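Right, one structure below, let's go through it.
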Amino acid sequence: MCGRTACSLAADNLRRACAYRDRRGRHRQPEWVRQERYQPSYNKGPQSSGPVLLSRRHLQQDADSSERVLMDMRWGLVPSWFKQDNPSKLQFNTSNCRSDTMLSKSSYKGALLKGKRCVVLADGFYEWQQQSGGKQPYFIYFPQSKDATDKETEGDEEWKGWRLLTMAGIFDCWEPPGGGEMLYTYTIITVDASKDVSFIHHRQVRAGKGVAGMPAILDGDEAIRKWLDFAEVPTQEAVKLIQPTENIVFHPVSTFVNNIRNNTPECVAPVELGAKK
């Protein structure tokens, strides 16, 4: 599963890090929707909000479906059909959605078949390895260029900073029965863990299903384009993108991250295992 992430870029840098080319080949940056709600964090958990990419057409029916927008949504999908007056009364955990059941479970099927696909953005995510002395956290992310963290100067047309991890998600929009503001929420799709990180997931291997589960990572802009462009890429084709990836790296981090109230760069800083703390 994926139960904790980091997304520390400021709002403007997040836009630049998500630059893309639209259907006409023009270099674009996604526009923010409700940018004031976005709060960078080194330690995000379910029920907090986080940045996602989605097609502009979800918000504007006459928009080009290849255009992207950034939006801050709450982590933990609340289905549009949920009838109670408080989304916290939802009786099941929807922060993650298993890829092998996403087209059968009612919480996700409707939204997915309506094309409500999004890309959840993060610097990376955390996983905990069960050890005799407790759990050791790891930070998992895309390989970075050597000078990535030193290239966040303002005004660069091409982003040369941290390469964001781009995870496949499903979103939905819930309207309170008594009226009020629409609530946008998302879930992160999970797949069997890749070989490189399966040792972290110290779990029983289920018959025929491999080791559970890491986020479904979309590696490269073509995969992101197909996942987001629901008007051009039908559901049955888009779900073929949901595969484990080997293109990730990781390092151990301090148990400082275990407390979700801790929100500083120390959360993602590498530590030497066995060293005295």
Side-chain angles (χ1 to χ4, degrees), residues 1-15 17-18 30 32-54 58 69-80 82 84-98 107-108 111 116-128 135 137-141 162 164-176 180-190 213-218 253-269:
M1 64 176 292
C2 175
R4 206 78 70 81
T5 67
C7 193
S8 62
L9 291 182
D12 286 346
N13 278 336
L14 201 66
R15 279 190 71 203
C18 292
W32 268 105
V33 177
R34 305 188 306 189
Q35 176 181 335
E36 70 282 356
R37 301 190 180 200
Y38 169 64
Q39 294 290 330
S41 174
Y42 290 95
N43 203 348
K44 285 183 178 289
Q47 303 308 312
S48 67
S49 62
V52 305
L53 284 171
L54 64 155
H58 288 297
V69 293
L70 272 165
M71 193 172 184
D72 203 51
M73 294 189 188
R74 197 174 87 170
W75 184 2
L77 187 142
V78 178
S80 58
F82 185 64
Q84 296 200 43
D85 59 352
N86 187 341
S88 65
K89 294 179 181 177
L90 194 66
Q91 294 296 306
F92 39 92
N93 186 336
T94 57
S95 56
N96 288 171
C97 163
R98 286 189 52 85
S107 301
Y108 314 115
K116 292 182 177 179
R117 310 192 299 253
C118 64
V119 173
V120 182
L121 302 169
D123 302 346
F125 68 99
Y126 301 97
E127 281 290 350
W128 280 260
K135 291 184 177 181
Y138 286 81
F139 188 58
I140 304 170
Y141 50 98
W162 188 268
L164 291 171
L165 198 66
T166 41
M167 300 175 284
I170 302 168
F171 76 93
D172 211 342
C173 185
W174 176 78
E175 184 175 4
E181 186 178 17
M182 305 282 273
L183 177 67
Y184 284 85
T185 59
Y186 69 87
T187 185
I188 296 174
I189 299 171
T190 60
M214 62 179 283
I217 295 167
L218 300 166
V253 295
S254 166
T255 53
F256 180 78
V257 75
N258 291 4
N259 187 333
I260 200 162
R261 290 189 292 273
N262 292 335
N263 176 21
T264 69
E266 185 180 344
C267 290
V268 298

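Only a predicted model underlies this, so the values are computations on that prediction, with no experimental measurement involved.
Nearest heavy-atom pair across Ala6 and Val268 is CB-CG1, 4.2 Å. Across all their heavy atoms, Arg4 and Asn259 have their closest contact at NH1-C, 4.4 Å. The two residues Arg34 and Met182 have their closest heavy-atom pair at NH1-O, 4.3 Å. Between Pro40 and Ala10, the shortest heavy-atom distance links the atoms CG-CA, 4.2 Å. Heavy atoms only, all atoms of each residue included: Gly76 and Thr94 are closest at C-OG1, 3.3 Å. For the residue pair Leu9 and Ala17, the shortest heavy atom distance occurs at CD1-CB, 3.9 Å.
Side-chain contact check for Leu90 versus Pro79: some heavy-atom pair is nearer than 4.5 Å. Residues Pro87 and Thr185 form no side-chain contact, since every pair of their non-hydrogen atoms from C-beta on lies 4.5 Å or further apart. Counting heavy atoms from C-beta outward, Met167 and Ile189 have side chains that stay 4.5 Å or more apart. Residues Cys7 and Leu14 meet the side-chain proximity criterion, which asks for heavy atoms closer than 4.5 Å. Residues Tyr42 and Val257 are not in side-chain contact: their nearest non-hydrogen atoms beyond the backbone lie 4.5 Å or more apart. Side-chain atoms of Trp174 and Arg74, non-hydrogen and from C-beta on, never get closer than 4.5 Å to each other. Side-chain contact between Met73 and Leu54 is present, with at least one heavy-atom pair separated by less than 4.5 Å. Side-chain contact between Phe171 and Met71 is absent, with no heavy-atom pair separated by less than 4.5 Å.
In this structure, Thr166 OG1 and Ile217 CD1 are separated by 7.5 Å, a value rounded to the nearest 0.5 Å. Separation of atoms OH (Tyr38) and CG (Asp12) is listed at 10.5 Å; rounding is to 0.5 Å. Between the OG1 atom in Thr5 and the OH atom in Tyr141 there is a gap of 16.0 Å [rounded to 0.5 Å]. Rounding to the nearest 0.5 angstrom, the gap separating the CE atom in Met214 from the CZ atom in Phe125 is 4.5 Å. Here the SG-CD1 distance, from Cys118 to Ile170, works out to 8.0 Å after rounding to the nearest 0.5 Å. To the nearest 0.5 Å, atoms CH2 (Trp75) and NZ (Lys44) are separated by 9.5 Å.
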Determine whether Cys18 and Leu53 satisfy the following criterion, side chain to side chain contact (heavy atoms under 4.5 Å, CB included), listing intermediate values before the conclusion. CA-CA 9 Å; Cys18 292; Leu53 284 171; 4.2 Å; yes
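Under the 3.5 Å distance criterion, with hydrogens and angles disregarded, a donor-acceptor pair is assigned to the side chains of Trp128 and Asn258.
Put simply, the side chain of Arg37 never gets that close to the backbone of Ser49: no donor and acceptor are under 3.5 Å apart. Formation of a donor-acceptor pair under 3.5 Å by the Asn43 side chain with backbone atoms of Asn262 is found in this model. Here the side chain of Thr187 pairs a donor or acceptor atom with the backbone of Ser95 at under 3.5 angstrom.
Checking Asn263, Asp123, Thr264 one by one against Ser8, the side chain to side chain donor-acceptor pair (under 3.5 Å) holds for a single residue, Asp123.
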